[in-house]
Amino acid sequence: MTDTPRVKGAWCARIITLFPEAFPGTLGLSLTGKALMEGLWALETIDLRPFGEGKHRNVDDNPSGGGAGMVLRADVVGRALDQAAIGTPLERTKWPVIFMSPRGKPLTQEMAQRYSQADGMTILCGRFEGVDERVMEHYGIEEVSIGDFVLTGGEIAASVLIDATVRLIPRVLGNQASTEEESFSDGLLEHPQYTRPTTWNGRSIPEILLSGHHAKIATWRRTMAERLTKERRPDLWRAFCAKHRRDPGEDQEL
Ligand code: SAH
């Protein structure tokens, strides 16, 4: 990838991967791309290949105990992590080190908020059957999953984590208020959104949104957010009600 300018002290994603060309990928587009060019955040890739063994720079080997697939070697990944200078556990509160893994902690908005307040993060992308377990043990690396499904590699998962984090960095979105109101910020899904034309295929925008009555619009949006969350994500709704001491069975009147 080409070097991007970096504002002093800007948040930085340092990615260890067999496929550096996967970055910035979609992170180089639109708002995250513009912010990257402006140096509001930075991206560094560390190619795993040169740390490989022998003439062919082998990075993987057969799984101990047999079975299909290959496993990334501990010594190879260890050398890359040492070059990435991952620091002491204390330093890692300001610069977490993460292994993307389906066995990791499921990514949430709250985690993205926390990561966006760090100075940066180092992300290890797995391939094949994953990485030798001793690497995670030795370095005490945090494992993060982007959902209960299996991808072929950690690069797309890393992009998801970086996107969710970078958009919370001040000035990246331009309009900071939008991150405060959107889905999950208050533990609720977002209300429905509309824009012109006012009528489309016989469907009209809810009248209240055209009324200019800000207080009523805010109440409508809140009610819709609660209703949607209750219908679609009973798990989130129960957690929201517990936090706000509300009755989860309560009906939202409009
Ligand atoms: N054998 C492993 C899956 C390996 S998939 C298992 O069953 O757990 C190869 C790599 O893709 C992983 O090492 C990880 O870096 C990445 N990956 C796959 N699914 C992922 C997910 N849901 N979240 C984050 N990373 C994932």
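The basis for the numbers below is simple: all heavy atoms, side chains too, and nothing from hydrogens, waters or symmetry mates. All ligand and atom numbering here is 1-based and tracks the order in the structure.
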- Message: I need the nearest protein heavy-atom contact for atom 5 (S) of ligand 1: residue, atom name and distance, please.
- Response: Leu151 O, 3.1 Å

- Message: Checking the N or O distance criterion of under 3.5 Å, is ligand 1 in contact with Ala157?
- Response: no

What side-chain donor-acceptor pairs closer than 3.5 Å can you find for residues 153-160, not counting sequence neighbours?
from, atom 1, to, atom 2, distance (Å)
Glu155, OE1, Arg127, NE, 3.1
Glu155, OE1, Arg127, NH2, 2.9
Glu155, OE2, Thr17, OG1, 2.6
Ser159, OG, Glu155, O, 3.1

- Query: So is Leu72 close enough to ligand 1, meaning a heavy atom under 4.0 angstrom away?
  - Reply: no

- Task: Classify the angle between the aromatic ring planes of His244 and Phe240 as parallel (below 30°), tilted (30 to 60°) or perpendicular (above 60°).
- Result: tilted

- Kindly confirm or rule out an N or O of Glu129 lying under 3.5 angstrom from an N or O of ligand 1. yes

- Among all protein non-hydrogen atoms, which one is nearest to atom 22 (N) of ligand 1, and what is the separation to 0.1 Å? Phe149 O, 2.8 Å

- Message: At under 4.0 Å between heavy atoms, is it the side chain or the backbone of Phe99 that contacts ligand 1, or both, or neither?
- Response: side chain

- Does the protein place any heavy atom closer than 4.0 Å to atom 7 (O) of ligand 1? no

- Query: Looking only at side chains, do Ser101 and Glu143 share a donor and an acceptor under 3.5 Å apart?
  - Reply: yes

- Message: With a heavy-atom distance limit of 4.0 Å, tell me whether Val131 approaches ligand 1 through its side chain, its backbone, both, or neither.
- Response: neither

- Is the closest heavy atom of Val144 to ligand 1 under 4.0 Å? yes

